[in-house]
2 protein chains.
Amino acid sequence: MSVTLKQLAASLGLSPTTVSRALNGFPEVNAATRKRVEQAAALANYHPNTRAKSLATGRAQAIGHVIPVSTSHEIVNPVFADFIAGAGEVYARNGYEMILRVVPDDGEARAYRDLMARGSVDGVILHGPRTDDGRVAMLAELGLPFLVHGRTSGVSAPYSWLDINNQRSFHRATEFLCDFGHRRIALVNGLEEMDFAMRRRKGYLGALAAAGITPDPMLMRQAEMTEPYGYRAAQEMIQLPDPPTAFLASSMIVAYGILRGLSDMGLKLGRDISVITHDDELSYLPNDGDVPLFTATRSSVREAGRRAARMLLRLVAEPECGPLTELMETSLVLGASTGPVRT
Amino acid sequence: MSVTLKQLAASLGLSPTTVSRALNGFPEVNAATRKRVEQAAALANYHPNTRAKSLATGRAQAIGHVIPVSTSHEIVNPVFADFIAGAGEVYARNGYEMILRVVPDDGEARAYRDLMARGSVDGVILHGPRTDDGRVAMLAELGLPFLVHGRTSGVSAPYSWLDINNQRSFHRATEFLCDFGHRRIALVNGLEEMDFAMRRRKGYLGALAAAGITPDPMLMRQAEMTEPYGYRAAQEMIQLPDPPTAFLASSMIVAYGILRGLSDMGLKLGRDISVITHDDELSYLPNDGDVPLFTATRSSVREAGRRAARMLLRLVAEPECGPLTELMETSLVLGASTGPVRT
DNA sequence: TCACGTTCCCAAAACGCTTTGGACGGGCGA
DNA sequence: TCGCCCGTCCAAAGCGTTTTGGGAACGTGA
């Protein structure tokens with residue numbers, strides 16, 4: 001095992017009290033003594049035992065993330081890894097541990113209760129909120145500080161969240177396509193139980209309405225966001241009697257599927273047909289360069305992770321700072337995948 | 001706060017000792033008493049405080065994962081999320097917590113030492129081993145149980161690992177292409193500092209040698225596995241004086257890039273040109289259906305996560321069960337992306 | 001009746017830290 | 001010189017568990 005506070009104190013001829021205070025920056029310890037303690041600690045590679053420390057202080061110094069993995073659709077959200085990377089960075093810098101719990105999605109409530117009762121975490125981040133998500137009320141009732149990545153409509157009580165402006169994004173993207181003369185615009189969305197997908201559809205519908213276009217149910221799809229889903233959506237829609245001239249995709253993965261579907265039909269993006277996607281800036285799917293492949297509404301999910309973590313740490317430190325909210329705007333980047341409608 | 005053992009004991013008119021023993025299944029407690037205690041515990045939603053428990057037992061009941069995030073190439077391995085999902089499942093089922101630590105890649109050694117010194121974990125899983133990875137020796141010296149996901153050549157001392165048979169996989173894939181008459185086969189590999197990439201190249205070279213083909217450096221690339229990397233590799237190689245007739249890709253993402261590069265040149269996979277990729281069975285990039293899009297060497301990284309977790313838990317429970325190793329074979333699935341060489 | 005096991009329970013120590021409530025001198029002003 | 005405060009340190013009591021080392025009550029066999 002490693003060296004303990006008591007051992008360190010003994011080796012210095014000091015009491016544990018003094019050593020503790022010296023290392024934690026309390027004023028009532030002689031500067032010379034402090035220096036001596038700090039050097040000895042560094043030399044002995046002393047690190048206070050996390051569990052003992054948090055038992056004594058009552059703070060867990062850890063943040064929990066619960067990831068539900070449904071047994072039906074076994075999708076692990078690809079966005080998750082980058083979000084975690086961002087958040088983890090901030091936790092580490094602030095001396096917090098990140099604990100992940102993978103649970104079957106019917107055991108999520110139990111997972112939160114358990115984390116709370118065992119005192120394993122000081123707060124949690126809620127992932128993938130649905131349109132009317134009961135988890136928010138449950139967490140509020142539990143009294144565990146939490147922050148939602150996204151939002152959930154239909155919950156009236158205020159809560160803390162960080163979200164991107166999904167509605168505005170897709171409104172703007174749709175508008176952009178309309179300005180190019182497109183009137184047959186397809187929406188290839190994520191599952192609409194998810195709050196973000198619902199908001200995106202609202203943005204899309206709003207822009208259509210503003211342009212005097214009647215939405216066509218044949219041009220709207222929702223499903224788990226995989227590559228083949230995008231492929232099939234593109235192939236099938238393009239064969240409609242009155243096919244779309246533009247596509248709005250909910251993620252890069254789906255957009256790649258759409259691209260493949262369209263080029264299999266001999267269509268070239270930007271010339272024959274337009275595609276706009278949302279781009280989370282996943283590191284292995286960079287959409288940059290002089291002219292990005294896709295025109296996209298862009299927002300770094302990594303940065304979202306960082307901000308979410310900072311907000312939650314603040315909530316933990318000062319619980320009475322009230323619900324914190326942040327709405328991140330996306331940018332519309334011009335790529336090679338859009339152009340005027342082909343007549 | 002939640003209810004403590006002492007409170008529970010008091011409310012039952014028992015001593016903490018007895019309650020503890022009752023709940024932990026010790027024999028020296030009356031069956032009736034045990035029943036009473038269990039009911040009271042369930043009613044009060046009692047869960048033992050993790051930190052107190054592990055302080056008393058000396059076991060952290062947690063496994064650590066350290067993910068290095070380099071500041072230069074900020075790639076979060078997409079494979080990571082699915083591996084974690086698999087491992088997390090097993091941890092949860094066994095009452096272990098998963099703790100993640102995101103560190104700048106020059107701080108990785110420090111992170112392990114820190115986790116060890118603070119006693120935060122009972123073991124760690126080492127991700128993304130390089131060809132000659134010093135971390136293995138460091139962990140061995142630390143005395144913290146660990147398991148490597150992958151292997152590292154050039155480390156002589158035995159250690160525990162779980163890997164897929166990369167060399168055999170790529171040997172077989174190359175062979176498969178040779179059997180179709182291909183002699184100009186390109187390898188679009190991951191960074192060869194990574195051990196898996198090095199092994200794949202060995203498999204590829206071995207098969208070429210067996211077929212009497214001299215490897216061409218112009219047909220071998222290595223880089224971070226992004227979609228644009230695959231795209232560029234395909235486009236540039238296809239314009240060589242003596243272009244490849246087949247591609248071997250190190251991941252689905254890269255394969256999609258290659259596909260896009262080739263179809264931009266008007267080439268059709270399986271007919272004009274062949275592509276084989278390694279498929280980790282990431283949930284959002286399913287390569288299935290009646291005829292999968294890509295011919296692939298396939299192995300579920302999610303399952304790898306589950307197995308790795310089980311192995312590590314075993315190592316933690318019985319440290320003297322010696323280094324554990326497991327080599328998973330991949331399967332070669334036939335897709336639509338390969339065919340005889342076009343003459 | 002007595003010695004001796006069982007059965008069932010408990011008091012107290014321990015895990016490694018923080019924090020409370022002093023203790024002990026030395027310097028200062030009066 | 002005395003009294004007081006301040007700077008510096010420490011002993012001991014927690015935090016919520018587990019675990020060690022009994023101990024009382026109740027048979028049981030001789």
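Quantities reported herein were computed from a predicted structural model and do not represent experimental measurements. To find a chain, count down the sequence lines: A is the first, B the second, and so on, and within it residues start at 1.
- The side chain of A/N24 contributes an N or O atom lying less than 4.0 Å from OP1 or OP2 of C/dT18.
- Between the two ends of the helix from C/dT1-D/dA30 to C/dA30-D/dT1, each summarised by a five-pair axis, the helix axis turns through 60° (rounded to 10 degrees).
- Distances shown here put every side-chain N or O of A/Y46 at or beyond 4.0 Å from the OP1 or OP2 atom of C/dG16.
- Residues A/S20 and A/T17 have side chains that never bring a donor and an acceptor to within less than 3.5 angstrom of each other.
- The side chain of A/S20 contributes no N or O atom lying less than 4.0 Å from OP1 or OP2 of C/dT19.
- Between C/dC9 and B/T33, a contact under 4.0 Å exists linking OP1 or OP2 to a side-chain N or O.
- Judged by closest nucleotide on DNA chain C, B/A31 is the one of B/A52 and B/A31 placed further toward the 5' end.
- Nucleotides of DNA chain C nearest to B/T57 and A/F26 differ in position, and the one nearer the 5' end is that of B/T57.
- Looking only at atom types and distance, the side chain of B/S153 has a donor-acceptor partner in the side chain of B/D195 under 3.5 Å away.
- Within the structure, a side-chain polar atom (N or O) of A/T18 is placed less than 4.0 Å from OP1 or OP2 of D/dC10.
- In this structure, a donor-acceptor pair under 3.5 Å is absent between the side chains of A/R59 and A/S54.
- Rounded to whole angstrom, the span from the CZ atom of A/R21 across to the C1' atom of C/dG22 amounts to 12 Å.
- Residue B/L55 has its side chain nearest to C/dG16 when only C/dG16, C/dC17, D/dC9 are considered.
- Residue-level contact check: B/T17 touches the bases, meaning some heavy atom is under 4.0 Å from a base atom.
- Contact between the side-chain N/O atoms of A/N30 and the OP1/OP2 oxygens of D/dT8 is found at a separation under 4.0 Å.
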